Amino acid sequence: MEINNIKFNKKYGQNFIFDTNLLNAIISDANLKKDDEVLEIGTGAGTLTKIIANNCKKVVSYEIDENLKEIIFENLKEINNAKIIFKDALKEDIKNIENNFENNYSIIANLPYYITTPLILKFIQETERVNTITIMIQKEVAERLVASCNSKDYSSITVLLNFYGDVKILRNVNRKMFIPMPSVDSAIVQIELKKKYECDEKMFSNIVRASFAMRRKTIYNNLLKFLNLSKEKILKMLETCKIQPQQRAESLTIQNYVDLTKSYFDIISHKSKF
Ligand code: SAH
């Protein structure tokens, strides 16, 4: 492939992989089966798309940059189970994406870094059809996704993601493996989606976001500011869940946030005397 002829567009987070060993490692990490259906985000030059296609039933790959059309079609000319869609994956309605698949599907991607978090949230919150997500992301972001409670990396995205599934870092990848070379190292992260907690997802998400809104403020102050409940009701919620009002969001476990969500509904439905 003529790498020199590619005009890399920095604005779209284009850092491509041409190294066969790394491409094979991603496929082996993803644990692909012959009859799997796969969604890729960011086709690039199609190097990862090609190897995914060779190892599964069907791959659908979204690419925002139409200037890559020629190189993609050249690279995939012998592949007949890959469909490339030149659209913004973040803006695309999830129903349109999923119309391409017969069954539940997996996601494999060397993600454009500038939209990592919204892309992950889209596929964990807007659908229940995703089995696993295996993605290359910035190392710092990967560490945030697997952070433990009470560490400085523990944030709202950590809590949200671990509510929806199990998250692991499978390997670190040196920045030298990408063309052009980015200014940060990367890691391959795998998210296995499974239902672990029973509670209202929308409210859970609101409470987690509210709690982390101002990191240095107490859980009491954050909830008071963002939940639209009286001081008494917030204190009652915290007491029911055995959480001290002066705790900070990073000291609460996922179970704590699930309890808070349930207690919120009890309080607004007047089951509580406050
Ligand atoms: N998978 C390729 C490319 C990775 S770089 C490889 O590993 O070599 C990320 C790719 O995502 C770029 O090609 C970029 O143009 C594309 N991209 C960026 N934002 C996008 C979006 N919103 N929707 C779809 N593709 C996007």
Side-chain angles (χ1 to χ4, degrees), residues 1-30 32 38-56 58-76 79 82-98 100 105-123 126-127 130 133-139 141-142 170-190:
M1 189 187 303
E2 281 298 328
I3 299 175
N4 293 336
N5 291 345
I6 305 177
K7 287 199 190 68
F8 292 100
N9 194 333
K10 215 174 168 185
K11 133 174 134 192
Y12 292 137
Q14 295 183 346
N15 303 102
F16 293 180
I17 305 172
F18 296 96
D19 183 276
T20 313
N21 289 334
L22 179 55
L23 291 166
N24 281 323
I26 298 173
I27 296 301
S28 126
D29 284 347
L32 265 189
V38 177
L39 171 68
E40 184 191 23
I41 295 155
T43 319
T47 49
L48 183 57
T49 323
K50 188 172 182 174
I51 189 162
I52 296 172
N54 283 331
N55 286 280
C56 74
K58 177 181 189 184
V59 51
V60 175
S61 184
Y62 274 78
E63 174 54 60
I64 199 170
D65 185 357
E66 298 213 18
N67 291 322
L68 294 167
K69 248 182 193 164
E70 210 174 313
I71 183 148
I72 291 173
F73 291 146
E74 171 62 25
N75 199 20
L76 298 180
I79 302 288
K83 177 174 176 185
I84 314 300
I85 300 173
F86 290 93
K87 278 189 179 172
D88 183 334
L90 198 54
K91 293 203 183 124
E92 178 80 321
D93 194 297
I94 198 99
K95 294 219 169 56
N96 289 340
I97 299 179
E98 297 191 336
N100 291 294
Y105 58 99
S106 293
I107 298 177
I108 304 178
N110 171 21
L111 277 192
Y113 295 158
Y114 70 113
I115 46 171
T116 306
T117 309
L119 267 179
I120 294 177
L121 287 175
K122 182 179 179 110
F123 290 99
E126 292 178 26
T127 170
V130 179
I133 305 181
T134 309
I135 43 175
M136 179 86 74
I137 60 175
Q138 217 172 300
K139 191 164 168 242
V141 179
L170 298 183
R171 67 178 80 220
N172 291 324
V173 180
N174 193 288
R175 67 191 77 178
K176 288 186 190 139
M177 302 302 289
F178 302 89
I179 300 178
M181 186 174 84
S183 54
V184 291
D185 291 322
S186 290
I188 298 179
V189 167
Q190 191 158 65

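This structure is a prediction, so every number in the text was calculated from the model and none was measured. Read the numbers this way: they start at 1 and go in the same order the structure lists the ligands and their atoms.
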Original post:
Going by atom types only, do Tyr62 and Glu92 share a side-chain donor-acceptor pair under 3.5 Å?
Top reply: yes
Original post:
Mind checking whether Gly42 has an N or O less than 3.5 Å away from an N or O of ligand 1?
Top reply: yes
**OP:** Would you tell me whether Asn67 and Lys7 have side-chain atoms, one donor and one acceptor, within less than 3.5 Å of each other?
**Re:** no
Original post:
Counting heavy atoms only, which part of Thr47 comes closer than 4.0 Å to ligand 1: side chain, backbone, both or neither?
Top reply: side chain
Original post:
So which of Tyr12, Tyr114, Phe178 gets nearest to atom 19 (N) of ligand 1, if we judge by its closest heavy atom?
Top reply: Tyr114
Original post:
With only distance considered, is Ala89 within less than 3.5 Å of ligand 1 through an N or O on each side?
Top reply: yes
Original post:
Going by atom types only, do Gln14 and Asp65 share a side-chain donor-acceptor pair under 3.5 Å?
Top reply: yes
Original post:
With atoms numbered from 1 as shown, which atoms in ligand 1 lie under 4.0 angstrom from a non-hydrogen atom of Lys87?
Top reply: 23 (N), 24 (C)
**OP:** Check each heavy atom of Ile115 against ligand 1 and say whether those closer than 4.0 Å belong to the side chain, the backbone, both or neither.
**Re:** side chain
Original post:
How far is atom 12 (C) of ligand 1 from its nearest protein heavy atom, and which residue and atom name does that atom have?
Top reply: Gln14 CG, 3.5 Å
Subject >> Heavy atom of the protein closest to atom 8 (O) of ligand 1 (residue, atom name, distance) >> reply: Ile17 N, 2.8 Å
Subject >> Between CD1 on residue Ile188 and NZ on residue Lys139, distance to nearest 0.5 Å >> reply: 13.5 Å
**OP:** Please write down residue, atom name and distance for the protein heavy atom closest to atom 7 (O) of ligand 1.
**Re:** Asn110 ND2, 2.9 Å
Original post:
Numbering the atoms of ligand 1 from 1, which are under 4.0 Å from a heavy atom of Gly13?
Top reply: 5 (S), 9 (C)
Original post:
Do any N/O atoms on Ile64 end up under 3.5 angstrom from N/O atoms on ligand 1?
Top reply: yes
Subject >> Carboxylate-amine/guanidinium proximity below 4.0 Å for Glu98 and Lys95 >> reply: no
